[in-house]
Amino acid sequence: MQFVECRGARIPIIGLGTMTLMEDVCVEAVKAALQLGYRSLDTAEKYGNEVWVGQGLAESGVAREDVFLTTKVDLRNLASPDFERSVDESLEKLKVSYVDLLLIHWNNPEVPLADSIRSLCKAKRAGLTRHIGVANFTTTMLDEALKHADEPLVANQIEVHPFLDQSKLLAKCRELDISVTAYCPTARGNVPGNETLERIGRTHGKTATQVALRWLVQQNIVAIPRSANPDHLKANLDIFDFELTDAEMAEITALKRPDGRVVNPPFAPQWDT
Ligand SMILES: NC(=O)c1ccc[n+]([C@@H]2O[C@H](COP(=O)([O-])OP(=O)(O)OC[C@H]3O[C@@H](n4cnc5c(N)ncnc54)[C@H](OP(=O)(O)O)[C@@H]3O)[C@@H](O)[C@H]2O)c1
């Protein structure tokens with residue numbers, strides 16, 4: 001496993017996404033992933049599955065301290081004291097005393113960033129999380145957040161895959177020394193079957209999904225593909241024995257298209273273009 005290092009955080013470059021995984025499917029996916037060598041799990045208050053993620057972790061036989069565990073505070077709970085209650089409940093459901101990364105899941109324009117970022121920093125100082133970060137933050141939101149942060153923000157979790165142009169936001173994260181975690185790294189199932197990715201994959205003996213994940217990893221971007229399929233879980237880790245050429249990297253980057261975004265709920269911010 002490779003790691004992305006950022007301001008004291010050491011984040012496994014591949015983690016397991018768990019959105020929509022519930023009950024036994026979730027428990028079994030988490031256990032299978034950890035037994036295969038995953039050391040990072042991504043959940044959120046909003047997913048309603050922290051209890052099963054925690055159960056999978058506990059039953060996996062892998063030590064808690066060896067796993068990088070991320071959860072997120074829902075946008076309805078960003079104002080104090082909801083924020084603090086939300087974090088306590090997440091820890092209780094996960095059955096852990098701390099998470100490794102606590103994120104603001106989506107900004108809520110009705111709660112000043114000064115307040116939500118202060119609560120995030122407070123959670124870190126209280127030892128409830130080892131690191132803090134944000135998700136779905138744009139370039140302007142990152143600038144604003146940093147004005148209020150007196151603890152380092154180590155990650156911005158955003159949608160990144162070959163069909164979406166995130167160049168402006170990626171450059172901003174690099175400039176600010178904030179690591180990027182790519183959600184929907186397989187564009188939620190749109191990567192398999194893509195002709196270019198399949199062709200590049202064939203030259204390396206890999207699938208289109210593995211090529212898309214490798215494209216992220218070669219940019220030092222953390223990826224958290226979700227799967228409940230043991231073969232896919234294994235394949236998504238098996239991306240460290242080949243290298244995409246500069247020409248292949250450029251060809252994949254050129255797959256971006258204007259309608260490439262997968263996640264765009266009504267409460268999303270004005271995205272960077
Ligand atoms: N911060 C946010 O706002 C936010 C938003 C969205 C997602 N996320 C996080 O990011 C994670 C990943 O995003 P996502 O779940 O939306 O999308 P994704 O990981 O791009 O796509 C998941 C889909 O890809 C399939 N898949 C995975 N590996 C595969 C493989 N090797 N070959 C073929 N199909 C494969 C899975 O099916 P199988 O189960 O059949 O493998 C599943 O249907 C989420 O689970 C969540 O933890 C965060």
Side-chain angles (χ1 to χ4, degrees), residues 11-22 24-26 28-30 32-33 36 38 40-50 52-53 56 68-76 78 90 94 99 101-108 132-138 141 155-164 166 169 173 179-194 197-198 201 205-217 221-239 260-269 271:
I11 309 172
I13 203 158
I14 295 289
L16 176 70
T18 67
M19 194 171 85
T20 74
L21 302 183
M22 305 300 262
D24 284 356
V25 173
C26 183
E28 293 309 317
V30 168
L36 280 166
Y38 284 73
S40 165
L41 304 170
D42 180 82
T43 182
E45 174 185 22
K46 174 87 175 158
Y47 301 165
N49 65 3
E50 289 170 309
W52 298 301
V53 171
F68 192 95
L69 183 58
T70 300
T71 196
K72 318 182 189 84
V73 181
D74 186 63
L75 88 172
R76 290 165 307 168
L78 294 183
S90 286
L94 287 162
V99 289
L101 182 58
L102 182 69
L103 304 176
I104 290 177
H105 200 156
W106 292 89
N107 182 44
N108 179 347
I132 54 171
V134 293
N136 297 299
F137 270 37
T138 61
M141 288 160 66
N156 188 16
Q157 185 179 119
I158 55 174
E159 181 174 338
V160 195
H161 50 70
F163 308 135
L164 181 62
Q166 287 282 38
L169 188 49
C173 291
S179 75
V180 171
T181 297
Y183 71 66
C184 295
T186 80
R188 218 172 257 170
N190 286 317
V191 157
N194 176 273
L197 297 171
E198 298 279 359
K206 297 288 174 181
T207 66
T209 302
Q210 289 172 313
V211 169
L213 295 174
R214 182 71 206 180
W215 174 79
L216 291 165
V217 163
I221 294 175
V222 172
I224 48 169
R226 161 179 51 101
S227 183
N229 174 323
D231 292 337
H232 292 168
L233 286 173
K234 193 160 182 282
N236 295 350
L237 265 196
D238 186 18
I239 58 162
R261 192 178 289 280
V262 174
V263 175
N264 200 10
F267 48 81
W271 298 114

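We count ligands from 1, going down the list as the structure has it; atoms in each ligand are counted the same way. It should be emphasised that the depicted structure is a prediction, and the values quoted were computed from it without experimental measurement.
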Which atoms of ligand 1 have any heavy atom of [X] under 4.0 Å away?
X: Asn136; result: 1 (N), 2 (C), 3 (O)
X: Thr18; result: 45 (O), 47 (O)
X: Trp106; result: 3 (O)
X: Tyr47; result: 4 (C), 8 (N), 9 (C), 46 (C), 47 (O), 48 (C)
X: Ser227; result: 27 (C), 38 (P), 39 (O), 41 (O)
X: Thr186; result: 18 (P), 20 (O), 21 (O), 24 (O)
X: His105; result: 1 (N), 2 (C), 3 (O)
X: Pro225; result: 19 (O)

Please write down residue, atom name and distance for the protein heavy atom closest to [atom].
atom: atom 4 (C) of ligand 1; answer: Tyr183 CD2, 3.2 Å
atom: atom 31 (N) of ligand 1; answer: Asn236 OD1, 2.8 Å
atom: atom 47 (O) of ligand 1; answer: Asp42 OD2, 2.7 Å
atom: atom 12 (C) of ligand 1; answer: Ile224 O, 3.1 Å

Whether the side chain of [X] engages the backbone of [Y] through a donor-acceptor N/O pair (distance < 3.5 Å, no angle test) should be reported.
X: Glu45; Y: Thr71; result: no
X: Gln157; Y: Ala182; result: no
X: Gln210; Y: Gly201; result: no
X: Asn236; Y: Leu233; result: no
X: Asn49; Y: Thr20; result: no
X: Thr138; Y: Trp271; result: no

Any idea which part of [X] is under 4.0 Å from ligand 1, heavy-atom wise: side chain, backbone, both or neither?
X: Thr20; value: neither
X: Ala187; value: backbone
X: Leu103; value: neither
X: Thr209; value: side chain

- In sequence, state the C-alpha distance, the side-chain angles, and the governing distance for Glu50 and Ser90, and then conclude on side chain to side chain donor-acceptor pair (under 3.5 Å). CA-CA 7 Å; Glu50 289 170 309; Ser90 286; 2.8 Å; yes
Nearest option to [atom], as decided by whichever heavy atom of [options] sits closest:
atom: atom 22 (C) of ligand 1; options: Arg226, Glu159, Lys72; result: Arg226
atom: atom 40 (O) of ligand 1; options: Lys234, His232, Arg188; result: His232
atom: atom 1 (N) of ligand 1; options: His161, Met19, Gln157; result: Gln157
atom: atom 39 (O) of ligand 1; options: Gly15, Ala268, Ala228; result: Ala228

- Task: Could you go through the side chain to side chain donor-acceptor pair (under 3.5 Å) check for Tyr183 and Asn136 one step at a time?
- Result: CA-CA 10 Å; Tyr183 71 66; Asn136 297 299; 2.6 Å; yes
- Report yes if the distance between the aromatic ring centroids of Phe267 and His105 is under 6.0 Å, otherwise no. no
- Do Asp238 and Lys206 sit within salt-bridge range, that is, some charged N less than 4.0 Å from a carboxylate O? yes
- Query: Is there at least one pair of N or O atoms, one from Cys184 and one from ligand 1, spaced under 3.5 Å apart?
  - Reply: yes
- Full working for side-chain contact (heavy atoms from CB on, under 4.5 Å) between Leu21 and Trp52: CA-CA 9 Å; Leu21 302 183; Trp52 298 301; over 6 Å; no
- Give a yes or no on this: more than 12 heavy atoms of other residues, nucleotides or ligands lie within 6.0 Å of atom CZ of Arg76. no
- Note on the structure: What one should report as the nearest heavy-atom pair of Pro12 and Phe68 is CD-CB, 3.6 Å
